[in-house]
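Taking it in order: structure first as structure tokens, then the write-up.
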Amino acid sequence: MSESIALGRSAFGAFRRALRQWYGANCRALPWRETPDAYAVWLSEAMLQQTTVRTVEPRWRRFLARYPTVQALAAAPLDDVVAEWSGLGYYARARNLHAAAQRVVADFGGRVPDSFEALLSLPGMGRYTAAAVASIAFGEAVAVVDANVERVVARLDAIADPVSQPATKRRLWDRAQELLDATHAGEWNQAVMELGALVCLPRNPQCGACPVARWCAGRATGEPTRYPVKARPAPLRETREVAVVLRRGERVLVLRRPAEGSFAGMWELPRGEALEGEPARDAAARIVRETTGLDCGPRALLLRLKHVVMRRRIELLVWSAESDGGRIRRSRHEAHEWIAPDEWLTRPLSTTQRQIALFLRDGRAPKRSTPPPDTDDGDLFGGS
DNA sequence: AAAGCGGGGCC
DNA sequence: GGCCCAGCTTT
């Protein structure tokens, strides 16, 4: 009776049956599970990278309505595609998707490639996404490992090594491939992910409802939440940024970022990081000078936004200012324009810049903001 | 091997 | 406020 918990080959049949049966009875009715269209499946996988199902669902419908085929996407201007992506984050996904669609049209006769290897050659297609599309849309027997699978497998085998290590990653991929039900690869991959999404939850695993709990070594330890083991994350860096609204009547100055790098091609206010101990008003003037060559006197603090990006905690202070009317000499951007907030909102822009544009148009602070302090000197940085 | 890239939901 | 999410790319 003291049989090992570890799931061995002799139990694969029962393990697969148990999970597939559970999936058949409990899977969510997600729209991309109802289409045989490889392009639609691919789009769902691209959107779902680091993004939750709830967020993706309406955006997937809207994107498909606007770009119903890979040809339509390939023919669309990149700016429109990025604008359509606005709010989803990780905008490189939109640029890669667009480039990949053009490659599909140019090199694959307009048909989404049907093999893992060919898919992997497309921009934005990593191992996960290529395997997901190959298995779900084409039935290829290749396993996926996403955050859900990682958690399920790490618990199943009670893997004690940090999952961030490449060696551990390899082990997870190998194990997932071994467990794969090759005759129903797409359904199987979704079943493992669904288990992670509905039952094998990060903080409150529902082991009592788990169809494969009897094979789970993590559960047997009594502390399934110890897995997957995460390495200690690096501390957050505190940064202060300023952005400046330069007005000309109803219009404001926006600058277009270069086509390469972060926030590529997006339209933003002059902005930048404040130096250590530098008063915000001085930083605002300096950044306007550095980005546009204009001298200005920042007058008032309009808005204060806070957000956390990866390892940085950013406080963004938005100032209004009058320009000296001089000629603009850009140094970090590839275009500039004086436009109304309404027009700005139709361009590619980040959520933070969108919040500023909405504030300028509506005069209301977005949810994520805190009221500007009533200091009139703008030295918010505790310099004194 | 590690960092960079967004944003929203949830506890 | 911290943690997490159907990852990929670059250094």
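Chain naming here is simple, since letters A, B, ... match the order of the sequence lines and numbering starts at 1 in each. The basis for the numbers below is simple: all heavy atoms, side chains too, and nothing from hydrogens, waters or symmetry mates.
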**Atom pair distance, as rounded to whole Å: OH in Tyr91(A) and C1' in dG4(B)** = 15 Å
**Item:** For atom CG of Leu172(A) and atom P of dA6(C), their distance in whole Å
**Value:** 16 Å
**Prompt:** For the pair made of CD in Gln50(A) and P in dC5(B), what is the distance, rounded to whole Å?
**Reply:** 14 Å
**Complete:** Regarding the side chain of Arg33(A), the nearest nucleotide among dG2(C), dA6(C), dG6(B) is dA6(C)
**Message:** To check you understand the geometry: which heavy-atom pair defines the closest contact between Ala185(A) and Val142(A), and what is its length?
**Reply:** CB-N, 4.4 Å
**Item:** P-based separation of dA6(C) from dC11(B) [nearest Å]
**Value:** 14 Å
**Nearest-nucleotide 5' precedence on DNA chain C, Pro123(A) against Val53(A)** = Val53(A)
**Message:** Return whichever of Ala92(A) or Arg54(A) has its heavy-atom-nearest nucleotide of DNA chain B closer to the 5' end.
**Reply:** Ala92(A)
**Asked** Judged by modelled atom types alone, do Tyr128(A) and Gln49(A) share a side-chain donor-acceptor pair under 3.5 Å?
**Response** no
**Asked** Picking from dC5(C), dA6(C), dG9(B), which would you name as closest to the side chain of Glu194(A)?
**Response** dA6(C)
**Prompt:** Does one side chain, of Ser135(A) or Asn189(A), offer a donor that lies under 3.5 Å from an acceptor on the other?
**Reply:** yes
**Request:** Would you please confirm or rule out a distance under 4.0 Å between OP1 or OP2 of dC5(C) and any side-chain N or O of Tyr90(A)?
**Result:** no
**Prompt:** dC8(C) P sits how many Å from His98(A) NE2, rounded?
**Reply:** 20 Å
**Request:** Mind calculating the distance between CZ (Arg93(A)) and P (dG6(B)) to the nearest angstrom?
**Result:** 10 Å
**Request:** With heavy atoms under 4.0 Å as the rule, sort Met125(A) into base, sugar-phosphate or nothing.
**Result:** sugar-phosphate
**Message:** Rounded at 0.5 Å granularity, tell me how far NE2 in His336(A) sits from CG in Leu255(A).
**Reply:** 8.0 Å
**Message:** Please report the interatomic distance CZ(Arg93(A)) to CD(Glu45(A)), rounded to the nearest 0.5 Å.
**Reply:** 11.5 Å
**Prompt:** Base, sugar-phosphate alone, or nothing: which one does Trp32(A) contact when heavy atoms must sit under 4.0 Å apart?
**Reply:** base
**Item:** Given dC5(C), dG7(C), dT9(C), the nucleotide with the shortest approach to the side chain of Gln49(A)
**Value:** dG7(C)
**Along DNA chain B (nearest heavy atom to each residue), the more 5'-positioned of Leu349(A) and Arg203(A)** = Leu349(A)
**Asked** Any side-chain N or O of Thr129(A) under 4.0 Å from OP1/OP2 of dC8(C)?
**Response** yes
**Request:** Scan Gly87(A) against the nucleic acid and name what it touches under 4.0 Å (heavy atoms): base, sugar-phosphate only, or nothing.
**Result:** sugar-phosphate
**Message:** Tell me the interatomic distance from Asn96(A), atom CG, to dG4(B), atom P, rounded to whole angstroms.
**Reply:** 19 Å
**Request:** Taking atom C1' in both dC3(C) and dG6(B), compute the distance separating them and give it to the nearest angstrom.
**Result:** 15 Å
**Prompt:** Of the nucleotides dA1(B), dA6(C), dC4(C), which has the atom closest to the Pro166(A) side chain?
**Reply:** dA1(B)
**Message:** Between the base of dG9(B) and the side chain of Thr55(A), is one N or O donor paired with an acceptor at under 3.5 angstrom?
**Reply:** no
**Request:** Side-chain contact test, heavy atoms from C-beta onward, threshold under 4.5 Å: evaluate it for Glu178(A) versus Asp174(A) and give yes or no.
**Result:** no
**Asked** What does Arg127(A) touch in the nucleic acid at a heavy-atom separation under 4.0 angstrom: a base, only the sugar-phosphate, or nothing?
**Response** sugar-phosphate
**Atom-to-atom span, CD of Gln165(A) to C1' of dA3(B) - whole angstrom** = 17 Å
**Item:** Nucleotide dC5(C), atom P - distance to CD of Glu57(A) in whole Å
**Value:** 19 Å
**Prompt:** Heavy atoms under 4.0 Å, any strand shown: does Leu120(A) hit a base, just sugar-phosphate, or nothing?
**Reply:** nothing
